[in-house]
K.L.:
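To start, I am sharing the structure in question, which I have written as structure tokens.
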Amino acid sequence: MLIGLVGYLYGSRQAAGSVTALIPAGFGLVLLLCGLLGAAKESLRKHAMHLAVAIALVGFIMVVGRLAMRLSSLTMSAAVISQLAMAIVCLIFVLAGVSSFARARRERLDP
């Protein structure tokens, strides 16, 4: 969420105040809601965490796809830095989630 807020408030002159700068904040808000749902309701924790990882994966793929389409004309602007930051955070979240799922499965299978 912080990536989107910083991009919105402090981005380049053209991007500052742009609604698209808040896209990372929207993804962060959805991930936060998944975490709160999982913490509040034990029976929904597994589903909420899988949903959160799926959303983070979609976020990563969207950003990498967008950057790849513009690869030849990329300059290190505030928007590109924000997109790279979102891609890195989403990738770390996905990797941590998959690792957690694998560990939970191993623990469940080992008595």
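These numbers were taken from a predicted model, which means no experiment stands behind them. Numbering of residues begins at 1 and proceeds along the displayed sequence. Just so you know, these numbers use all the heavy atoms, side chains as well, and skip hydrogens, waters and symmetry mates.
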K.L.:
Enter the distance from L91:CG to I61:CD1 here, rounded to the nearest 0.5 Å.
P.N.:
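So the gap between those two atoms works out to 10.5 Å.
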
K.L.:
Let me check something: do V98 and F60 share a hydrophobic cluster, defined by ILVMFWY side-chain heavy atoms less than 4.5 Å apart, either directly or through other members?
P.N.:
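V98 and F60: one cluster.
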
K.L.:
Report the C-alpha distance between Q83 and R70 in whole Å, list the side-chain angles of each, state the deciding distance to 0.1 Å, and finish with yes or no for side chain to side chain contact (heavy atoms under 4.5 Å, CB included).
P.N.:
CA-CA 12 Å; Q83 290 173 4; R70 301 181 359 215; 3.8 Å; yes

K.L.:
So how far is it from L37 CG to H47 NE2, rounded to the nearest 0.5 Å?
P.N.:
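Here the rounded value is 10.0 Å.
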
K.L.:
Would L95 end up clustered with V63 when hydrophobic side chains under 4.5 Å apart are linked, directly or stepwise?
P.N.:
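Looking at the clustering, V63 is in the same group as L95.
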
K.L.:
Supply the atom-to-atom distance K41 NZ to L36 CG, rounded to the nearest 0.5 angstrom.
P.N.:
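If we round to the nearest 0.5 Å, K41:NZ and L36:CG are 14.5 Å apart.
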
K.L.:
Could you tell me the separation between the SG atom of C34 and the CG atom of L44, rounded to the nearest 0.5 Å?
P.N.:
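Here the rounded value is 10.5 Å.
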
K.L.:
Is it possible for you to say whether L9 and V6 belong to one hydrophobic cluster, with membership spreading through side-chain heavy-atom contacts below 4.5 Å?
P.N.:
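L9 and V6: one cluster.
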
K.L.:
Can you tell me how far the CG atom of L31 sits from the CG atom of L51, to the nearest 0.5 Å?
P.N.:
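Going from the CG atom of L31 to the CG atom of L51 covers 8.5 Å.
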
K.L.:
According to a hydrophobic-cluster definition based on side-chain heavy atoms being under 4.5 Å apart (Ile, Leu, Val, Met, Phe, Trp, Tyr only), do L32 and M86 belong together?
P.N.:
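No: no chain of side-chain contacts under 4.5 Å links L32 to M86.
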
K.L.:
Please name the pair of heavy atoms, one in P24 and one in A21, separated by the smallest distance, quoted to 0.1 Å.
P.N.:
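The pair with the smallest heavy-atom distance is CD-O, 3.4 Å.
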
K.L.:
Between F101 and V53, is a side chain to side chain contact (heavy atoms under 4.5 Å, CB included) present by the stated rule, with each step listed?
P.N.:
CA-CA 10 Å; F101 298 156; V53 170; 3.7 Å; yes

K.L.:
Using a 4.5 Å cut-off on heavy atoms from C-beta on, say whether the side chain of L5 contacts that of L22.
P.N.:
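Contact flag for L22/L5 side chains = yes.
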
K.L.:
What's the spacing between I3 CD1 and I23 CD1 if we round to 0.5 Å?
P.N.:
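It is 13.0 Å, given to the nearest 0.5 Å.
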
K.L.:
Go through it in stages, so that I can follow the logic: the residues are M1 and F27, the test is side chain to side chain contact (heavy atoms under 4.5 Å, CB included), and I'd like the CA-CA distance, side-chain angles, deciding distance and then a yes or no.
P.N.:
CA-CA 7 Å; M1 290 172 50; F27 272 86; over 6 Å; no

K.L.:
Do I92 and L67 share a hydrophobic cluster (ILVMFWY, side-chain heavy atoms under 4.5 Å, transitive)?
P.N.:
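No, I92 does not connect to L67 through the hydrophobic network.
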
